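Here the structure is laid out as structure tokens; the discussion comes afterwards.
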Amino acid sequence: EPEVTQTPSHQVTQMGQEVILRCVPISNHLYFYWYRQILGQKVEFLVSFYNNEISEKSEIFDDQFSVERPDGSNFTLKIRSTKLEDSAMYFCASRGRDGQETQYFGPGTRLLVL
Amino acid sequence: AQRVTQPEKLLSVFKGAPVELKCNYSYSGSPELFWYVQYSRQRLQLLLRHISRESIKGFTADLNKGETSFHLKKPFAQEEDSAMYYCALTQYSGAGSYQLTFGKGTKLSVIP
């Protein structure tokens with residue numbers, strides 16, 4: 001059964017550094033999402049992406065964040081200048097098409113900003 | 001604003017006992033509700049959604065619009081049910097976004 005994959009599984013970075021988190025959604029899916037979960041808190045929506053553009057973003061998704069689908073398979077989340085409070089688990093998800101509301105999640109990338 | 005509330009952080013039950021994981025929501029439109037489960041060291045995975053009205057692994061959930069609830073139930077808990085359970089609501093935000101709003105989750109621990 002196809003699955004969403006994410007790399008790396010863990011990343012440690014220094015405050016102020018740029019990080020890129022990578023996701024490979026399920027191949028025939030059209031809608032892509034990033035969520036994050038700070039330790040002990042709820043899973044929070046960051047951004048959704050469709051047809052090569054952002055369709056919705058939360059207030060968390062400020063100018064430090066960007067997303068890209070550089071080729072036909074990868075979907076990336078870039079944090080330009082990481083802050084301590086960016087430390088979290090980041091989940092990628094994908095969804096098929098209209099009428100298919102179920103989102104399929106990747107295993108997550110645990111980001112630690114020191 | 002939409003919100004999902006799971007009042008219990010941790011729920012411990014004995015094997016064979018009934019389980020009820022509570023979920024309440026607030027949403028102005030017609031919500032679509034889900035239960036996602038996360039077993040230890042595994043990814044979030046869909047357990048069930050209200051519109052399919054199915055039973056998965058013995059779990060059921062009924063949407064009660066009057067009480068704005070979507071509680072998850074199972075008559076007889078099994079050890080393998082121990083996991084983190086998240087209630088989630090989807091909303092249409094334009095351009096087919098369907099972002100998910102999650103509750104904080106309830107950790108179910110089934111005692112042998």
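Everything numeric in this text was worked out from a predicted model, so none of it was measured. Residue numbering restarts at 1 for every chain, and letters A, B, ... go by the order of the sequence lines.
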With a 6.0 Å cut-off (strictly less than), is the heavy-atom count around [atom1] of [X], excluding the residue itself, greater than 12?
{"X": "B:K73", "atom1": "NZ", "value": "no"}
{"X": "A:K57", "atom1": "NZ", "value": "no"}
{"X": "A:F61", "atom1": "CZ", "value": "yes"}
{"X": "B:L10", "atom1": "CG", "value": "yes"}
{"X": "A:D71", "atom1": "CG", "value": "yes"}
{"X": "A:K83", "atom1": "NZ", "value": "yes"}

Inset, instruction - Specify which of A:G108, A:G106, A:S58 makes the most heavy-atom pairs with chain B at under 4.5 Å. - result: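 Most pairs with chain B among the choices: A:G106.
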Inset, instruction - Select, from A:Q41, A:Q37, A:K42, A:E44, the one with the greatest count of heavy-atom pairs under 4.5 Å involving chain B. - result: A:K42
Legend entry - Interface moiety of A:V4 toward chain B, non-hydrogen atoms closer than 4.5 Å: both
Inset, instruction - Select one option (side chain, backbone, both, neither) describing which atoms of A:Y35 are under 4.5 Å from chain B's heavy atoms. - result: side chain
Inset, instruction - For each of B:Y86, B:F34, B:Y36, tally heavy-atom pairs with chain A at distances under 4.5 Å, and name the one with the top tally. - result: B:Y36
Legend entry - Residue, of B:T90, B:L46, B:L100, B:L44, that accumulates the most heavy atom pairs under 4.5 Å with chain A: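 Most pairs with chain A among the choices: B:L100.
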Legend entry - Minimum-distance pair of heavy atoms, taken over all atoms of B:Q99 and A:E56: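 Heavy-atom minimum between the residues: OE1-CG, 3.0 Å.
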Legend entry - Cluster overlap A:Y90 with A:F49, hydrophobic side-chain contacts below 4.5 Å: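 They do share one cluster, since a chain of ILVMFWY contacts under 4.5 Å joins A:Y90 to A:F49.
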Inset, instruction - First locate atom CD of B:Q45, then atom OG1 of A:T102, and finally report the distance between them rounded to the nearest 0.5 Å. - result: 12.5 Å
Inset, instruction - Report yes if some heavy atom in the side chain of B:R43 is under 4.5 Å from a heavy atom in the side chain of A:F91; otherwise report no. - result: no
Inset, instruction - Under 4.5 Å heavy-atom distance to chain A, tell me which part of B:Q38 shows up: side chain, backbone, both or neither. - result: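 Contact with chain A: side chain only.
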